Protein chains: 2
Amino acid sequence: MMTSREQEVVELIELLFFAYRDFVSDPDEILRDYGFGRAHHRIVHFVGRNPGIRVAELLDILRITKQSLGRVLKDLIESGHVEQREGDSDRRHRLLFLTEKGESLRRKLVGPQIERFSAALKASGPGSTGAYRDVLLHLVNPEDRKEVEARISRNLAMPVLD
Amino acid sequence: MMTSREQEVVELIELLFFAYRDFVSDPDEILRDYGFGRAHHRIVHFVGRNPGIRVAELLDILRITKQSLGRVLKDLIESGHVEQREGDSDRRHRLLFLTEKGESLRRKLVGPQIERFSAALKASGPGSTGAYRDVLLHLVNPEDRKEVEARISRNLAMPVLD
DNA sequence: AAAAATATGTCAGCATTGTTGACATATTTT
DNA sequence: AAAATATGTCAACAATGCTGACATATTTTT
């Protein structure tokens, strides 16, 4: 059997599924025009948000194998959306950057997602942003929480250039 | 360029990714012991939560083709986790139910998810449940919102049997 | 300097789960 | 009787995971 408290939680579980389902649907459509998939999107997104990220870091974010990453990353390098540079301090490192072309794609993909989110936050009560943040952050594995928190807010400190 | 408001929204976007990433990781491990994947999980979950659901409804929830569903559903029927009955009013319908075995698997899979969620809600401030609900529901496509709302809360009205 | 460890890349094969298109069957609606 | 609907199935293919093995360059340790 199931307590009504558990029933309530299961509703939230399903809501996460439905929200995620629709949330990724906008980029999916755009990506088709480029012959890219969701895997490409993730790379474009996280490289764009973390310029100079190392391959190993990207693997840790995505939680996939280097072989899986390699195949898709190769597409993006060959198409001129991503470029690699040697690390300064450690020349084994391959630092990843978006080209202008890549940055343009990133913005195109994130646009509808920002719109959808802004509308959702507007439609929800004030303070909903904080609560959303609290809950979602605590869904992340405890041992990863600090890193995730640092990663998502990293760019706030960056000067906003034009 | 990007306004700081947009920066904030992008953080929430990434948080959705990280939360989802870790949230599905618990069931994934369990499923491996059964030789099942995420696709099986989704079916077990939604059939369990919507006993007697029709194939077409399930397709609409999952947003996949009947061929994709068919392959995975076949596994679950052959393994004795799901059973089909003819519709009463319309005998073309195939109504889906979990067997006891299937219900047992469903509970096993949802257990860690309930735990993770309960802990997250506890750690977040009071009222965070409602805000989470508000935001996530508004991430769902407007035209699907009503249906999703009805679907997730459908079972609250059901008598809780033992 | 030599050995070990690290970061990355690559080849090959395979599994899961998504897709399209075509067609078959049973049943219900028109 | 004809058309529409719900489901199932076959075949081919695409995207994106995986494992295992091995190669190269570079840095760290001994």
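Remember, predicted model here, so these are calculated numbers, not experimental data. Throughout, protein chains are lettered first and strands after them, A, B, ... in sequence-line order, and every chain is numbered starting at 1.
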> Which residue pairs pass the side chain to side chain donor-acceptor pair (under 3.5 Å) test with at least one member in residues 127-138 of chain B, sequence neighbours excluded?
Replying inline: A:Glu11-B:Arg133
>> Between C1' on C:dT17 and CG on B:Leu59, what's the gap in Å once rounded to a whole number?
In response: 14 Å
> Could you state the CD-P distance from B:Glu57 to D:dA6, rounded to the nearest angstrom?
Replying inline: 11 Å
> Dot-bracket for DNA chain C, 5' to 3', with Watson-Crick and G-U pairs under 3.5 Å, [ ] for crossing pairs and | for other-strand pairs: what is it?
Replying inline: ||||||||||||||||||||||||||||||
> Got a sec, which residues hit ring pair (Phe, Tyr, Trp, His ring centres under 6.0 Å) with B:Phe46, two or more places apart in sequence or on another chain?
Replying inline: A:Phe17, A:Phe18
> In whole Å, what is the span from the CG atom of A:Leu31 to the C1' atom of D:dA14?
Replying inline: 15 Å
>> In this structure, how many angstroms lie between the P atom of C:dT17 and the CZ atom of A:Arg38, rounded?
In response: 14 Å
> Taking CG from A:Leu69 and P from D:dC18, how many angstroms apart are they, rounded to a whole number?
Replying inline: 11 Å
> What is the per-nucleotide protein-contact pattern of nucleotides 19-24 of chain D, from the 5' end, where B denotes a base atom under 4.0 Å from a protein heavy atom, S denotes such proximity for sugar-phosphate atoms only, and - denotes neither?
Replying inline: BBB---
>> Below 4.0 angstrom, which residues in residues 88-97 of chain B have at least one non-hydrogen atom near DNA chain D?
In response: B:Arg92, B:His93, B:Arg94
>> Using the ring pair (Phe, Tyr, Trp, His ring centres under 6.0 Å) criterion, which residues pair with B:Phe36? Sequence neighbours excluded.
In response: B:His40, B:His81
>> Pick the closest DNA chain C nucleotide for A:Arg71 and for A:Arg54 by heavy atoms, then say which residue is nearer the 5' end.
In response: A:Arg54
